[in-house]
Every structure is written in structure tokens, then in C-alpha cells.
Amino acid sequence: MVSVGDLPEELIARPQALVVLTGIDIVHNAEHLRIWDAFSNNRRPDRVPIQFKMLPGDHDYLKLKQKKTAYDWVIPKGILKTNWMRKHLHDVPAVVVVFFELDWDEQLWNERKQACATFVEVVRTALHGRQTRAAVVLIQKNAPLPPGEDVVAADRATQLCNACELSAKALFVLPNSDHLLGYVIRLENAFYELAQAYYHHESRVVKAHRDHLNKTTHALLFVRHQFKVAFYNELKQDSHTALKHYRQAYLHLHELRITDYNLLEIKTNSCIVNFKICKLCFEHNTPLDAISQFRRHVDIYKSKIGTADLAFEHSAWMSKQFAVFGDLFEEAIRAGLTAIQTQHPGFYYQEAARYAIARKQLCRGLCPAELKYPASDPLAEADKMEYYGQRPWRQGHQSLEAPSVQKEREGIQALQYRECQVDHSWLVIPLLSSAIAQFKKYKSPRMKRYLGY
């Protein structure tokens, strides 16, 4: 079960366009294996940020949900879905590239052309109507002639594009050559452009929903849609536009009405969006903006404890906020940022440790040693949550009151029981160690000694 304040893996990784390669047989064809290795191995930082996957042409991609034509009767059940980022990072490709062995002087041209067109149609059918871009790469034995000199090639390329219903900009040639890597790099640059066009289109689709929303019933969707647009822009590597939309999502979160029953969800989603904003500010070399955003984030939520019987959760959440920001700060320093004696990651690790100690003390006061785990197992669905930050025993619930007082009581008891199983010392010690290491690095011996006592 994910702990309060923990960030999902897909949030931490750098978003990269997903491009699927199909038609490659690396088991029985050595040349295909060479091609796959050239795309997938030794991806240096100077190559375009693409995640390549190899899948069969008829792979059954996730089905496209039916688009809403109106939002009049739509009541959102939560803010951000737990599977959405993972879906667009690993399951829904921006581009599917069909590799097909076909030379311009092929004797059985018409038959092979039709076979290629059929393959492309199989891929489109498997995508279930998604706007994923399709491209074709012809694996050929000979290097192509300079543009304009091969009349047969130009004519047959036009025929193939028409048969596959492809733009000429989506048809490529990959000759069998000793300079394979050079050709591959040019190809992946072209795929990257197609992927950017796809993500741009997807973000525009989300933006178009804005006119159908109202803040009375769709306040949660204002947050969700801004987050989606931001994430699509990250996938197309437009981080400045992404930052603008993450900031807007954060503002919409701050406007939501808070109750004891939705506070954890709002805090969890604020934590996610705050992480994105701070990370991008550091990447843009604007550390003061990152620090300002984080301070504002902490000021907004430090007094929002929620249910008194779960006060240790708030301390755990606050500890995680400071620890994560300390990690981001340290990562930025490793990337070249200069820190100073009065502003470095050590201060954030120190605060994280202070809240972890408070968590331990609250646990002792709130969680009786003889506490039993409820027989109803209210945390059973904790690993199958549809939305970030919701309680497992009342998923999708957005009203002002708990749907069941009994379930609420059992849920609190289960969380208290689980907290009793936590070895808090092993949360505090690493944070203090990190803080001491930072104060030592920035030559603050008094703070180092103070934390060591």
C-alpha cells in the first residue's frame, strides 16, 4: 500500500514520447536485431527523448473511451486517476512505426505494396480509433539515389502512400548500410516530430472541454484538465508551457472546498502538482521560484491536519514534502546549481526529520498498543485505487459527509493499527543523516553538532 505523501513512480520519471516499432523480428532476422539495437541501446542524452517499444502489429491497445459530448450530467468522482500517467507513458503510443522489407525494384511490387497496406490497416484497427500517428519504414537492400534521380522510386512511393493512406512525410527508407546508426538517428528525429504533433493534438482536445465546464459541479475537472494539458506538453518536451498549466492546476486545487473527507485527496494531488512545479523550476534554473512555490505550498497545508485521530498522517505528509523537496534541491545541485550556507537541502531534511519525530510522538498518543485490525479489512482495496488520495473504503465519494459512520470508524482503526507497525526510528535516522551530511558539506559545524545530539 502506498504511504501518505509517497509519489507515484510515473510522476518522478522524465516523461518521454512512446513510439512503438512493429514488423521487426529480432529472433529470426539478424538485420532486424541490428535495427532494434540501434534504436533501443546506448541512448545518449543528445538523442531525442523517446521511449521505444517493440510490439506485434495486431497488439490490442487500450480501447478509446467514448468521448463526452456534454458535461451537464457529469459529476466527477475524483481529481487525478491513478492510471492516467502510466497509460500515456507505457501503453498508448504517440506513433506506431511499421517496418516492412520492400525495395523499389521489387518484381512483385503490387502484391508487396498491398501486403504493406494491409499491415498498416491491421495496426490502425488495433488502435481502436486513437489519433496515434502511423508511419512506414521500408527496409531496403540498397542505398537510395539522390532525390530526383530515381523516377521509379518517386512514383512507387506515391503509390504506396496512397495504398496505406499515409502522408509522404510518414514514409521512410532504411537501407542496409554500414552507417545504420546515422540513418536511425535521422529516423527517430522524424518520429519525434510526429509524436510532438500527436501530443499537441491531444492537449487541444482536452482544452476544448473547457467551454463545457462550470465551477459549481466540475471544479475537480478544472484541475484534472490543466494537469493533463501540462503532462502532454511535458511529453512533447515543451516544459515552459507545461509549467504554466501545472501552476494553473495548483491554483484550481487551492480553490476547492476542503472537508475532513476530501482533505487527503486534495493534499495528495497538491503534492503531485507541487512536485512537478518545483522540479521544472529547478530544471529551468530558477531555484528561487522553486523555493517560493514550496514555501507557499507548506504554508497553505501545514495547518490542515484533518481528522484528529489521524493527526500522525499529517505529520507523515509534511515530512514527505520536505524530504522530497530536499531531494529535488540536491538533484539540482548535482546538475550544476550553486547552493549557499544559508539555503541548501540540509534545512529541508532537518524539517522532514522534525515532522517524522512528531509523527512518532502522535502515533504513541493516538494508537493504543492493544489495537486490533478490523475484520472488515477496510484497506483491502488500497492497491487498486482509481483516484489518488482517496480512502479505500469510500472510493469515488465526494459528498460532505461520510457514507457510513461505521466504515469510517473501522477505516481509522485500520490506519492506526498500520501506523503502529511502522518503525519510526528508521524514518527519522536517514533524514537526520542526510541533514548532517549537508550541513557538513556547507561548513556549518554548529548545526552538524546540534543534529548529532
Asks: Can you name the ring-ring contact (aromatic ring centres under 6.0 Å, His included) partners of Phe325, sequence neighbours left out?
Replies: Phe282, Phe294, Tyr348

Asks: Does the His314 side chain pair with the main chain of Lys302, one donor and one acceptor, at a distance under 3.5 Å?
Replies: yes

Asks: Mind checking whether His225 and His209 have parallel, tilted or perpendicular rings, split at 30° and 60°?
Replies: perpendicular

Asks: Going by heavy atoms in the side chains, are Tyr61 and Val96 under 4.5 Å from each other?
Replies: yes

Asks: Would Lys77 and Glu386 pass as an ion pair if we require N to O under 4.0 Å?
Replies: no

Asks: Keeping Gln438 on the side-chain end and Ser434 on the backbone end, is there a donor-acceptor pair under 3.5 Å?
Replies: no

Asks: Counting only N and O atoms by type, is there a donor-acceptor contact under 3.5 Å from the side chain of Thr125 to the main-chain atoms of Glu121?
Replies: yes

Asks: Is it possible for you to check whether Arg247 lies under 6.0 Å from the centre of the six-membered ring of Tyr250, through NZ or CZ, and within 45° of that ring's axis?
Replies: no

Asks: Is the side chain of His218 donor-acceptor paired with the backbone N or O of Asn214 at a distance under 3.5 Å, no angle test?
Replies: yes

Asks: Report the C-alpha separation of Tyr349 and Glu330 in whole Å, then their side-chain angles, then the decisive distance to 0.1 Å, and conclude whether the side-chain hydrogen bond (donor to acceptor under 3.5 Å, both in side chains) test is met.
Replies: CA-CA 11 Å; Tyr349 291 133; Glu330 193 172 4; 2.7 Å; yes

Asks: If you compare all heavy atoms of Leu431 against all heavy atoms of Ala323, which two are closest, and at what distance to 0.1 Å?
Replies: CD2-CB, 3.9 Å

Asks: Working note: Gln398 + Glu265, criterion side-chain hydrogen bond (donor to acceptor under 3.5 Å, both in side chains); need CA distance, chi angles, decisive distance, verdict.
Replies: CA-CA 10 Å; Gln398 292 294 330; Glu265 182 174 12; 3.0 Å; yes

Asks: Please determine whether side-chain hydrogen bond (donor to acceptor under 3.5 Å, both in side chains) holds for the pair Tyr246 and Glu234, giving the CA-CA distance in whole Å, both sets of side-chain angles, and the decisive distance to 0.1 Å.
Replies: CA-CA 10 Å; Tyr246 282 131; Glu234 271 202 284; 2.6 Å; yes

Asks: Compute whether any side-chain donor of one residue and acceptor of the other, for Gln390 and Gln395, lie under 3.5 angstrom apart.
Replies: no

Asks: Check whether Ser319 reaches the backbone of Tyr355 with its side chain - one donor and one acceptor, N or O, closer than 3.5 Å.
Replies: no

Asks: Decide if atom CD of Glu9 counts as having more than 12 heavy atoms of other residues, nucleotides or ligands within a radius under 6.0 Å.
Replies: no

Asks: If the plane angle is over 60° it's perpendicular, under 30° parallel, otherwise tilted; pick one for His240 and His284.
Replies: parallel

Asks: Regarding Glu410 and Lys407, does a basic nitrogen lie under 4.0 Å from an acidic carboxylate oxygen?
Replies: no

Asks: Please work out whether the ring planes of Phe39 and Phe191 are parallel, tilted or perpendicular, with thresholds of 30° and 60°.
Replies: parallel

Asks: Is the shortest side-chain N to carboxylate O distance from Asp6 to Lys320 below 4.0 Å?
Replies: yes

Asks: How long is the straight-line distance from CH2 of Trp317 back to NZ of Lys267, given to the nearest 0.5 Å?
Replies: 5.5 Å

Asks: Parallel, tilted or perpendicular for Phe119 and Phe100, by the 30°/60° rule?
Replies: perpendicular

Asks: Are a donor atom and an acceptor atom from the side chains of Gln406 and Arg409 found within less than 3.5 Å of each other?
Replies: yes

Asks: At their closest point, which heavy atom of Pro93 faces which heavy atom of Val20, and how far apart are they?
Replies: CB-CG2, 3.7 Å

Asks: Main chain of Val428, side chain of Lys360: is a donor-acceptor contact present, judged purely on distance under 3.5 Å?
Replies: no

Asks: Would you say Asn189's side chain and Ile185's backbone share a donor-acceptor pair under 3.5 angstrom?
Replies: yes

Asks: Taking His32 for its side chain and Asp25 for its backbone only, find out whether a donor-acceptor pair lies under 3.5 Å.
Replies: yes

Asks: Considering only heavy atoms from C-beta outward, does the side chain of Leu18 approach that of Leu235 to under 4.5 Å?
Replies: no

Asks: State whether Phe222 and Lys215 meet the cation-pi test: NZ (Lys) or CZ (Arg) under 6.0 Å from the six-membered ring centroid, and within 45° of the perpendicular axis.
Replies: yes

Asks: Taking all non-hydrogen atoms of both residues, which atom of Lys279 and which atom of Ile12 are closest, and how far apart?
Replies: CE-O, 4.0 Å

Asks: Distance check, rounded to the nearest 0.5 Å: Ile305 atom CD1 versus Ser315 atom OG?
Replies: 7.5 Å

Asks: Between Gln321 and Glu351, do the side chains contain a donor N or O and an acceptor N or O under 3.5 Å apart?
Replies: no

Asks: Give the ring-plane orientation class for Phe227 versus Phe231, where under 30° counts as parallel, over 60° as perpendicular and anything between as tilted.
Replies: parallel

Asks: Identify the heavy atoms of Lys207 and Val229 that sit nearest to each other, and give their distance.
Replies: CE-CG1, 3.7 Å

Asks: So, are Arg14 and Glu331 salt-bridged, with charged N and O less than 4.0 Å apart?
Replies: no

Asks: Below 4.0 angstrom, N of the basic side chain to O of the carboxylate: do Arg359 and Glu419 qualify?
Replies: yes

Asks: Search all heavy atoms of Tyr387 against all heavy atoms of Ile79 and return the closest pair with its distance.
Replies: CD2-N, 3.7 Å

Asks: Got a donor-acceptor contact below 3.5 angstrom from the Gln16 side chain to the Pro49 backbone?
Replies: no

Asks: What closest approach, in Å, do Leu337 and Pro287 show between heavy atoms, and which atom pair accounts for it?
Replies: CD1-CG, 3.6 Å

Asks: Give a yes-or-no answer on whether the side chains of Gln293 and Asn274 include a donor-acceptor pair shorter than 3.5 Å.
Replies: yes

Asks: Salt bridge check, Glu408 against Arg394: does any charged N sit closer than 4.0 Å to a carboxylate O?
Replies: yes

Asks: Looking at Ala356, is its backbone amide N or carbonyl O close enough to the side chain of His424 to form a donor-acceptor pair, meaning the two atoms are under 3.5 Å apart?
Replies: no

Asks: Could you tell me whether Glu193 and Lys169 have a side-chain N and a carboxylate O separated by less than 4.0 Å?
Replies: no

